[in-house]
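Notes to accompany the following structure.
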Amino acid sequence: MILNHISSPADLRKLAPGELPLLCAELRRNIIDTVSNNGGHLAASLGAVELIVALHYLFDTPNDKILFDVGHQAYAHKLLTGRKQAFDNLRQGNGCAGFPTPAESEFDPCITGHAGVAISNAVGIAAANWLKGDRGKVVAVVGDGSLNCGISLEGLNNAKTHGKNLIVILNDNKMSISPNVGGLPNYLNRLISGGPYNRFKKTVKDVIKTLPRHDRIHRIIRKIAESVKGFLLPGVVFEELGFRYIGPIDGNDLDKLLHTIGNIKDLQGPFLIHVITRKGLGYKFAEADPENYHGVSGFCVEDGKLTPNGSMTFSKAFGQSMIDLATANPEVVAVTAAMACGTGLKKFADKLPRQFFDVGIAEEHAVSFAAGLAAGGMRPVVAIYSTFIQRALDNIYHDVVLAGLPVIFAIDRAGAVEDGPTHHGIYDLGFLLAMPGLTVMAPADEAELDVMLRFAYDLKKPVAIRYPRGGTLSKIASPVLEFGKAAIVKDGGDVMIWATNLEVATALDVAGLLAKDNIDAGVVNTRFLSPFDRETLLAHKDRSIVTIEDHTLSGGLASVVDGVLAAAQSHGKILHFGWPNELIRHGKISEIRQHHGMDADAIADKIKKALS
Ligand SMILES: Cc1ncc(C[n+]2csc(CCOP(=O)(O)OP(=O)(O)O)c2C)c(N)n1
């Protein structure tokens, strides 16, 4: 195995070019085997193998920098940069993170996990190099989906000034997670087909053919054609932004990559090299179905059977509730920022295509676009993961909340997730609860999510509903909601445990454990974080009050409860359980919870100690 002899790109650079195809095959084998066991991002990483090998072969990494956007395609980069062993435990507590991170390697200059930042990061590094007099090259590898991001375009716009040593590689596989959407992908497709320029050349030829040889008009047409040709040449949009555009080239053809990138790597840029890669290349099931093999929980290598992702019931329930709501109310529309599958909206898109909008990886735009839809009389429901809606904080505040527009935010993956700190959705309450007039709800199970969605529709105001990955299917919730009211699931004379989302189920487990020690614990399903049910909390204030939430301890339920009790003249003991204000690693959720004392046993023990 060649890969066994590579502990850093320096070893790679000792290989003869003829050995590289075999190395690529070994990298693919390793990625397929590891992801089949551990889950992870398969299709994008398989498509980028040749590109990553070529870049490390040609550039002097880590002195030259390579940044990946959005980072999930960088598995070959991890395997070539001294992380082979850690990669065996990809996404496990003791193994590699799923995304590049400087905490893991000097070959990862910046964090990547949220799309669209690599060009800006790279321009920043190039500017720092310029200030230091460092001539190191900076390479940003950007997916065609990530190029749609507003930040990517802002980065391109800013690249010219300090971009002499900047190379942007546009890794175009025509796919975001689903097929890429919008005007920019259309433009890239036209570049690949060479369409407008070729058509223009042909039209000019055809016209000239019909005219007499020395006709004056003939000369004028030639002149005009010459002067407008520039606008139609491949990559003119990038050229106008100050880049030298090269491509499109086959990004899975190692020889072509080595030749083309090798030719320009020592020239002054900035360059934009457009490479075409095939998502899933080297594993036939992923090639045939790159959407479902984008991110997987695991699979059987032989027959490609995907490990069922049973833990997405909130998303599935949301998708079904949306179909029901939008079928009955044609002004209801769904908006996603390139996450139709993840947010459970795929079936909605198929059934009600006119009421479905995928705006690409553009969360700020998604929210402002929804504000426009609402202002135009529609009832938009914007489904975005908690971690990605962080991007759109100002749009929520400025465009929706200030205007009081009836936009519903369906905030999926609220809570800690296996992918780690780039993807944990544990901060949303911190900023949502600060927004005046925004109703914030948290369902304890899928049935309650459905009720909340209808309730939000009837409310006709800005509403956020946050819910985690997974689900319970247990029917904790009673189906009737009262605005701003919590639901007492179980009364208890010693302790009242306030909980949100799936922590209501945890709280019931904790109450069961406490009962064994004759501690009578009640459980409250908080339901509304804003407005919060002060009345119910104050009614039990002299019992011990416990909160459990899948959110950081600051800014969420704990903070709200503290705020209410601080104004009371007396209250019982207060205990809070949530995520501490520190970096929460990637890994199995059960292990992360255990590590932070968030499992039912640890919570019950702590309550017992506090009460004894
Ligand atoms: C801000 C943000 N929104 C959404 C996502 C979720 N997401 C992860 S990968 C991806 C598609 C990326 O497409 P592209 O950049 O073309 O890369 P490819 O997977 O095709 O290599 C999306 C939408 C994200 N990582 N960041």
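We count ligands from 1, going down the list as the structure has it; atoms in each ligand are counted the same way.
- Salt-bridge annotation for R278 and E287: present, with a side-chain N of the basic residue lying under 4.0 Å from a carboxylate O of the acidic one.
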Could you walk me through whether E104 and R83 pass the salt bridge (charged side-chain N to carboxylate O under 4.0 Å, His left out) test, one step at a time? CA-CA 9 Å; E104 205 173 76; R83 287 174 268 184; 2.8 Å; yes
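- Taking atom 9 (S) of ligand 1 as the reference point, the nearest protein heavy-atom neighbour is H72 CE1, 3.3 Å.
- Looking at H294 against ligand 1, only its side chain comes within 4.0 Å, counting heavy atoms.
- Ion pairing between a basic and an acidic side chain is recognised when a charged N comes within 4.0 Å of a carboxylate O; K160 and E240 show no such pairing.
- The pair R91-D419 meets the salt-bridge criterion, since a charged nitrogen lies less than 4.0 angstrom from a carboxylate oxygen.
- Close N/O approach between I361 and ligand 1 is not found [any backbone or side-chain N/O within under 3.5 Å].
- Within the set H41, Q390, E363, the minimum heavy-atom distance to atom 3 (N) of ligand 1 is found for E363.
- The distance from ligand 1 to the heavy atoms of R391 drops below 4.0 Å at these ligand atoms: 1 (C).
- Remark: the E446 side chain and the T313 side chain contain an N/O donor-acceptor pair separated by less than 3.5 Å.
- Within ligand 1, counting atoms from 1 as listed, the ones closer than 4.0 Å to a heavy atom of V70 are 9 (S), 25 (N).
- Every atom of ligand 1 with a heavy atom of D144 under 4.0 Å away is listed here by number and element: 16 (O).
- Of the protein's non-hydrogen atoms, G113 O, 2.9 Å is the one closest to atom 25 (N) of ligand 1.
- If you look at N173 next to ligand 1, the close heavy atoms, those under 4.0 Å, all belong to the side chain.
- Not one N or O on the side chain of N173 forms a donor-acceptor pair closer than 3.5 Å with the backbone of I276.
- Between F243 and F271, the ring centre distance reaches or exceeds 6.0 Å.
- For ligand 1, the polar-atom distance check against A44 finds no nitrogen or oxygen pair separated by under 3.5 Å.
- Among the atoms of N171, none of the N or O lies under 3.5 angstrom from an N or O of ligand 1.
- Protein heavy atom in closest approach to atom 7 (N) of ligand 1: I177 CD1, 3.8 Å.
- Residue-ligand proximity, S146 to ligand 1, at heavy-atom distances under 4.0 Å covers atoms 14 (P), 15 (O).
- A distance of 6.0 Å or more separates the ring centres of F318 and F348.
- Every atom of ligand 1 with a heavy atom of G143 under 4.0 Å away is listed here by number and element: 14 (P), 15 (O), 16 (O).
- Ligand-side atoms of ligand 1 in range of H114: 26 (N), range being under 4.0 angstrom from any heavy atom.
- With hydrogens and angles disregarded, a donor-acceptor distance shorter than 3.5 Å links the side chain of T260 to the backbone of K256.
- The N/O atoms of K279, backbone and side chain alike, include one that comes under 3.5 Å of an N/O atom in ligand 1.
- By the 3.5 Å distance cut-off applied to N or O atoms, A338 is not counted among the residues near ligand 1.
- Numbered from 1 in the order shown, with element, the atoms of ligand 1 that lie under 4.0 Å from a heavy atom of G145 read 13 (O), 14 (P), 15 (O), 16 (O).
- With 3.5 Å as the limit, one finds a donor-acceptor pair spanning the side chains of S386 and D428.
- Residues F99 and H423 place their aromatic rings such that the two centres sit under 6.0 Å apart.
- The residue from S176, A115, A43, G342 that puts a heavy atom closest to atom 11 (C) of ligand 1 is S176.
- With respect to the salt-bridge test (charged N to carboxylate O, under 4.0 angstrom), the residues K346 and D350 do not qualify.
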